[in-house]
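Treat the numbers as computed from the prediction; the structure is a model and nothing was measured. Whatever order the structure lists ligands and atoms in, that order sets their numbers, starting from 1.
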Amino acid sequence: MCHRPFGGLLSSTDHTPRLLRVALPTPLRRLFDYRPCREVPACGWRPGLRVKVPFGRRQLIGVVVECPERSDVPDAQLKSVLACLDDAPLPDDWWWLCRFTARYYQHPLGDTIAQALPVALRQGRPLQARHQERWIARDGDTGPLERAPRQAELLAMLHQHPRGLMTRAITAQGFTRAQLEGLQAKHLVECHEERLTATEEESGSRLAEPSLPLTREQAGVLAEIHEGLERYHPCLLHGVTGSGKTEVYLQLIEAVLARGRQALVLVPEIGLTPQTLTRFRQRFRVPVVALHSGLTDLERLDAWDAARTGRAPIVIGTRSAVFTPLSAAGVIVIDEEHDGSFKQQEGLRYHARDLAIARAHRENIPIVLGSATPALETLAQARSGRYRHLRLTQRANRHAPARLELIDLRGRHRQGGLIAPAIEAIRQTLNAGNQVLVFINRRGFAPTLACHACGWLVECPHCDARMTLHRQPQELVCHHCDFHRPLPDACPECDSGDLRPLGSGTERTEETLAALFPETPVHRIDRDSTRRKQAFEDILREIRRGEPSLLVGTQMLAKGHHLPHVTLVVVVNADAGLYASDFRALEHSAQLLVQVAGRAGRAEHPGRVLVQTLHPDDPNLRLLADSGYEALASQLLEERRLAGLPPYRHLALARFEAAREGHVTEFATAAAEALREWLNTQDTSVTCLGPVPAPMERRQNRYHMQLMLSDTRRSALHRACAWLVQWLDNHPDSRRVRASLDVDPQTLS
Ligand code: ADP
Ligand code: ZN
Ligand code: ZN
């Protein structure tokens, strides 16, 4: 394996260095010095090598960061590395991205590495992909096995599988490796080693099926992307839902493969469906590696290795796949780039889209961000000319995307959240033989349970939040901390037995629709109904058969799924984001509405979208309905500019949490004071707001506060953040209050 050299990090590798500075998977924001072990790795000591080291009473696996001349640790206390695990450093592109990520997000390098590395490598397995063994019974003589009854059973089993079985499948049946080897010694079975991911075939076409002839718009867009195939060339592919963005990706990737380069495709968490994969695998004859949560550690390692060595020309994955090393990166594609799942919301709070941009820049390759509803950040970049703004305004099937029709909820009787005009439209659609999607962004039966006598609402004892009523099974659940409790018989405040569900969730709407349309199957799609593996796929398959049916679902249904027979979408309530305190709430709910609306009329049937609201005159909602997402986005960008919010100012949020309210307040206040004092001594425009309690102050019995830093210049903000995290780490209170930094926060909650 050949790796590009590390730029200037290490001058010479000929001699054994005195010291190794190692990043270890600890929460500490520091590196650790060790002496090299006697055995020198084949490539010499270099950054990027994995080493096993003693750490307290444990042994940890870390990565060499540099080979410094001197250490702050006295010689006598320096320990030696126990072993070096690699012959060559981990891939250069991966290593660069880890260091960039740690720096940008002010996160400990050791923990960043741990998150960016497959579990198997973190645990010290060799980098080279493991082969797996397939055991095949040989024809002919079954041999004398009277005295080895288990071997005879095993052989009989293998004879039933002419293509052989993997070791894992065999041991899962209770057989042992010794029994396999016993049969092998008697020449009754043979063992074939194979890689999990096949190697690309050299000859023949890379395409398994012909590409579609492009529409004029698609062809124009593709030509523009092609202009920058050999350099950093960020493009926003802004195309209405169903405009054929995926076909553009596929043909772009085809061109990249033809140049012998690889493609990395990032999709939202719920976008990596068998359906998406099938589309890629059907088109290309080359190995397509998918990095999803269902992989075993070994499969993940193999996928990583296939990408690293170039065995896999196409890699598709969710957020963390941005860290996949590639031997010859040619393009990065981010589908549904506005999707919230690209931002990790705990620990290392990175944004895969932003890291992908940095990576494309460093590797000097094109990157395509695709969306019908681009994030305001991305849109601003496109408008300023930093990204190329490419548009697809027509659907591939030539039907215009459905418009949003607002319908007034005020004073209307609701059944399962639905009012009469919506129910009537549903009836007509079903009678015409079509399908209906009812979108409701709340799972459970009802958002809460209320006492009709005194107005008491059931609240979570551990959070500042109401508990949701569920019917299947019947219980109260806190959606913030997952606390479950049985329903009370009577109101704890006034003892009345008149407790009633308040509002509607997916379960209630499902129940109502099933009662209203007893002849029609109703499918509910939310996190509860799809807990069983495959459940979601089963329902989607059922729906795609096209029988008239009703779908009730949360945003799981809103994204990317192709539902060709849905011609009516009903949004039960569009109001959640309209008056929320979070500055991104409106952007996100507009994106969601447009994405949901995009499910209607994707095939040959035109669609209709009914949006129930208590605020039919809300100017933002009107703008979205009358003029579309981009018009609203322009308006929101202007508001952000005036308010000094992203993308015009950059934010970082310091979050504090602890079990005792007093501890949080004390620490957060001290941090804010120290930071302000320091800012006063600096020539800086960074401002610091707070500390203020988080919007939900108490969650799972822990108290949360936050401090917001902002500036128009990233560099200044970065310096202030670096100072703050140092201060936090060194403060004794950091032992009882957890403090963390969120650079470019997606929500302020
Ligand atoms: P998007 O990703 O923009 O939502 P898709 O790529 O899923 O859109 O395309 C929507 C539908 O249009 C798919 O069924 C796709 O096969 C079809 N389609 C896309 N491009 C073409 C084309 N050039 N000719 C015919 N059908 C197309
Ligand atoms: Zn009461
Ligand atoms: Zn709770």
Exercise. The Zn ion (ligand 3): which protein N, O or S atoms are under 2.8 Å away?
Worked result: C460 SG, C463 SG, C478 SG, C481 SG

For this session: Give every residue pair that meets the salt bridge (charged side-chain N to carboxylate O under 4.0 Å, His left out) criterion with at least one member in residues 467-493, sequence neighbours excluded.
Result: R471-E511

Problem set entry | Test applied, salt bridge (charged side-chain N to carboxylate O under 4.0 Å, His left out); reference residue, E209; option that passes from R281, R279, R283, R285 | R283

Exercise. For ligand 1, which atoms, with element, lie under 4.0 Å from some heavy atom of P213?
Worked result: 22 (C), 23 (N), 24 (N)

Exercise. With respect to H389, which candidate in R383, E224, H238 satisfies the side chain to side chain donor-acceptor pair (under 3.5 Å) definition?
Worked result: H238

Exercise. Do any nitrogen or oxygen atoms of Q218 come within less than 3.5 Å of a nitrogen or oxygen of ligand 1?
Worked result: yes

Exercise. Is it true that R655 and D742 have a side-chain N and a carboxylate O under 4.0 angstrom from each other?
Worked result: yes

Exercise. From C491, does some N, O or S atom reach closer than 2.8 Å to the Zn ion (ligand 2)?
Worked result: yes

For this session: For E377 and Q381, run side-chain hydrogen bond (donor to acceptor under 3.5 Å, both in side chains): C-alpha distance rounded to whole Å, both residues' side-chain angles, the deciding distance at 0.1 Å, then the answer.
Result: CA-CA 6 Å; E377 272 86 351; Q381 296 280 23; over 6 Å; no

May I have the list of side-chain donor-acceptor pairs in residues 455-462 shorter than 3.5 Å, sequence neighbours left out?
| unit_1 | atom_1 | unit_2 | atom_2 | d |
| --- | --- | --- | --- | --- |
| H462 | ND1 | N701 | ND2 | 2.7 |

Exercise. Does a sphere of radius 6.0 Å around CZ in R466 hold more than 12 heavy atoms from other residues, nucleotides or ligands, not counting ones at 6.0 Å or beyond?
Worked result: no

Exercise. When only distance counts, is L212 in polar contact with ligand 1, meaning an N/O pair under 3.5 Å?
Worked result: no

For this session: Tell me, please: is R279 in heavy-atom contact with ligand 1, that is, under 4.0 Å?
Result: yes

Problem set entry | Worked verdict on D498 versus S496 for side-chain hydrogen bond (donor to acceptor under 3.5 Å, both in side chains) | CA-CA 5 Å; D498 191 7; S496 157; 5.3 Å; no

Exercise. Between SG of C454 and SG of C494, what angle is found at the Zn ion (ligand 2), rounded to 10 degrees?
Worked result: 110°

For this session: Report the residues that fulfil ring pair (Phe, Tyr, Trp, His ring centres under 6.0 Å) with H704, sequence neighbours left out, ordered by chain and then residue number.
Result: none

